[in-house]
Amino acid sequence: MRKNGLAIHPLNDSVGAEIDLDLSTPHEDWVYREIRQAIDAHGVVFFRDQNLDSEQYATFARHFGKTIVPTSDIIPAFNGSSEIAEVRKEPEQTRNIGGSWHTDQAFRPAPYWGTMLLAREVPDYGGDTLFIGMAAVYEALSDGLKQTLDGLRAVHSNARVQAKMTDGKPAQPDVTHPVVARHPGDGHRFLYVNPAYTVRFDGWSEQESQGLLDYLFRFAQRPEFACRFRWREGSLAFWDNYQTWHYATNDYQGERRVMHRIVVESDPFF
Ligand code: SIN
């Protein structure tokens, strides 16, 4: 029987909340429902000091949908796992993964809903991940711009990202998604464009789209729409790929950083 709700501590009005909970033991269903509601409301939630082995981690993830390791990913499966992938940067590597503002999987016809990262090894300093809440960004736009954007679709492509890869894989076919999407839970709106994958508005040329997309990308990066998460070993972040952007900072050269990632497929938002 539920007596008290979860202890959820928002980081600001726009994005991010910390939840005090030990994820190593099973919980009643209402706990997972409240975690999902917190992600719906805050875009990303964080848990500290989780001492989870791979099975405990995957068991937690399965409460939210089907766990997958996306096949076209540059992030390899961890020890051949079909559920956990590894985001690793070695001391001699200079480039990191995710070091630009992006939304995971936006180039897919039905983007995967959730991503979680569990910190296994962290540098002494740096390596923070930043998040932006795209519902707060949409809310802060003028009514006139909201009206212009409502009903538009945008073309998303992984061609620019894929061109930097050495795996020789072709880019995925372009897809279109609504520029302003509605959350299937409470119906709140959020802006669904991002600098990594959105190339133009559907029916507009790239040149015509560039000015407005650049404006939206700059506007979204105002500090009040963002939070910055400082990792410790055992920290876990769990975010909604539809409503957030994220950015992995690359400011810890000469040190190792290892994250275990689980992607969760849930009902697509559009
Ligand atoms: C990613 O963008 O998927 C990686 C994020 C991180 O390592 O903080």
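Both ligands and their constituent atoms are indexed starting at 1 by order of listing.
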Item to complete: Could you list all the ring-ring contact (aromatic ring centres under 6.0 Å, His included) pairs where at least one residue sits in residues 153-178, not counting sequence neighbours?
Response: His156-His177, His156-Tyr192, His177-Tyr192, His177-Phe270
Fill in: Results of salt bridge (charged side-chain N to carboxylate O under 4.0 Å, His left out) for Glu83 - residues two or more places apart only
Arg62
Fill in: NZ or CZ of Lys66 within 45° of Tyr112 ring axis and under 6.0 Å
no
Practice prompt. Kindly tell me which protein residues have any non-hydrogen atom under 4.0 angstrom away from an atom of ligand 1, grouped by chain and ordered by number?
Written response: Val87, Ile97, Gly98, His102, Leu117, Thr129, His246, Ala248, Arg257
Worksheet item: With sequence neighbours excluded, what pairs up with Arg153 under the salt bridge (charged side-chain N to carboxylate O under 4.0 Å, His left out) test?
Response: none
Worksheet item: Thinking salt bridges, do Asp40 and Arg36 make one under a 4.0 Å N-O criterion?
Response: yes
Worksheet item: So does Arg257 pair up with Glu255, basic N to acidic O under 4.0 Å?
Response: no
